[in-house]
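In what follows, a structure is listed as structure tokens, so that the remarks can point back to it.
Hydrogens, waters and symmetry mates play no part in the numbers below; they use all other heavy atoms, side chains included.
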Amino acid sequence: MQTPISVDEKKDFVRWFLNHFQLKKRESVWILNYLMNHESLLSSVHFVQEVKFCPRGMEISAQGVSDPPFRFYKGQVMTNDAEKSFHDLRMNQGEAVYIQMNFENAQQCSKYALVLEENPYLPKDYYLNDRDKNEAERLLSVSLLQHRQKSLEDRIDEALINGARDEFKTLCGKLEKVKQDLNTFL
């Protein structure tokens, strides 16, 4: 579990951000300044990635990135109107608000990393791509086949000990097939 981010840490980040980046939409500057000056509201702010999955969130972009200038999400509704989001902030101060900051080299920014939290609304498999899924399926198949191979080898040993010739031959055939299948994955 991640330790909570303090209001002072959030305030320091917002101040730093405003001093280092030109925002695409000037209303974003007003919103961030408003948040900085209202600690009770800032305590309900969570900086996350992929804010579109959150029940109430804002996406704020600086110059120099291809992301849209501003977006506000509430439930299933998205708007580019910063004034509506500002009004919503003021009217629902106790409600959590999630903010995604889009700026150049955001992923490498240590100041952003300090305030960034895990998005609790992100689907569990969101970051899995097809290659990851295929590799996971391959590893599962290999693991199952290796387990089947070990089980067959144990049963073959038992058949040898018991002198069960027909069972031995049948199990050896199955083992050969499992080894062939296993080689296709390795």
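- Side-chain contact check for Q49 versus L116: some heavy-atom pair is nearer than 4.5 Å.
- The shortest non-hydrogen separation linking K25 to N80 is NZ-O, 3.2 Å.
- The heavy-atom pair separating F185 from V142 by the smallest distance is CB-CG2, 3.4 Å.
- Linking ILVMFWY side-chain heavy atoms closer than 4.5 Å, directly or via other members, places V115 and Y34 in a single hydrophobic cluster.
- L35 contributes atom CG, which lies 10.5 Å from atom OG of S43 (distance to the nearest 0.5 angstrom).
- Side-chain atoms of W30 and F86, non-hydrogen and from C-beta on, never get closer than 4.5 Å to each other.
- Contact annotation: the side chain of C109 approaches that of W16 to within less than 4.5 Å [non-hydrogen atoms, C-beta and beyond].
- Of the N and O atoms on the side chains of N102 and S61, at least one donor lies less than 3.5 Å from an acceptor on the other residue.
- Across all non-hydrogen atoms, the minimal contact from S40 to Q93 is OG-OE1, 4.0 Å.
- Two residues are said to be in side-chain contact when any heavy atoms from C-beta on lie closer than 4.5 Å; L182 and Q149 meet this criterion.
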- Applying salt bridge (Lys or Arg N to Asp or Glu O under 4.0 Å), run through E135 and R138 and close with a yes or a no. CA-CA 5 Å; E135 181 62 12; R138 188 189 76 77; 3.2 Å; yes
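- Scanning both residues, F70 and S28, for their nearest heavy atoms gives CD1-OG, 3.5 Å.
- In F168, the CZ atom is not crowded: 12 or fewer heavy atoms of neighbouring residues, nucleotides or ligands sit closer than 6.0 Å.
- The distance from atom CD1 of I60 to atom CZ of F72, rounded to the nearest 0.5 Å, is 11.0 Å.
- Shortest non-hydrogen contact noted between K24 and S66 is NZ-C, 3.9 Å.
- At distances below 3.5 Å, at least one donor-acceptor pair connects side-chain atoms of D81 with backbone N or O atoms of E83.
- The residue from N37, I5, V7 that alone fulfils the side-chain contact (heavy atoms from CB on, under 4.5 Å) condition with L42 is V7.
- Side-chain contact annotation: S6 with E9, donor-acceptor N/O pair under 3.5 Å present.
- In this structure, the side chains of K11 and E39 come closer than 4.5 Å at one or more pairs of heavy atoms.
- No more than 12 heavy atoms of other residues, nucleotides or ligands lie within 6.0 Å of NZ in K174, so this atom counts as exposed by the packing criterion.
- Between Y98 and Y121, the ring-plane angle classifies as perpendicular under the 30° and 60° cut-offs.
- For the atom pair Q100 CD and N119 CG, the distance stands at 9.0 Å (nearest 0.5 Å).
- Distance check: F53 CZ to Y73 OH gives 9.5 Å after rounding to the nearest 0.5 Å.
- K111 contributes no side-chain N or O that, together with a main-chain N or O of V14, makes up a donor-acceptor pair within less than 3.5 Å.
- Here the CD atom belonging to E137 is positioned 8.0 Å from the CG atom belonging to L140, to the nearest 0.5 angstrom.
- When the salt bridge (Lys or Arg N to Asp or Glu O under 4.0 Å) test is applied to R56, the partners found at least two apart in sequence or on another chain are D88, E95.
- Ion pair K169/D166 not flagged as a salt bridge, since none of the NZ, NE, NH1 or NH2 atoms sits closer than 4.0 Å to an Asp/Glu carboxylate oxygen.
- When side chains are defined from C-beta on, C172 counts as touching I156, because their heavy atoms get closer than 4.5 Å.
- A donor-acceptor distance shorter than 3.5 angstrom exists from the side chain of Y112 to the backbone of M101, with no hydrogens or angles considered.
- Counting all heavy atoms, side chain and backbone alike, G57 lies closest to V97 at CA-CG2, 4.4 Å.
- Residues M58 and V51 fail the side-chain proximity criterion, which asks for heavy atoms closer than 4.5 Å.
- S85 contributes atom OG, which lies 13.5 Å from atom CZ of R71 (distance to the nearest 0.5 angstrom).
- Judged by distance alone, with hydrogens and angles left aside, the side-chain atoms of S151 form no donor-acceptor pair with the main-chain N or O of H147 at under 3.5 Å.
- Between E153 and K150, none of the side-chain N atoms (NZ, or NE/NH1/NH2) sits under 4.0 Å from a carboxylate O, so this pair counts as no salt bridge.
- With contacts defined as side-chain heavy-atom distances shorter than 4.5 Å, the pair L152/R155 qualifies.
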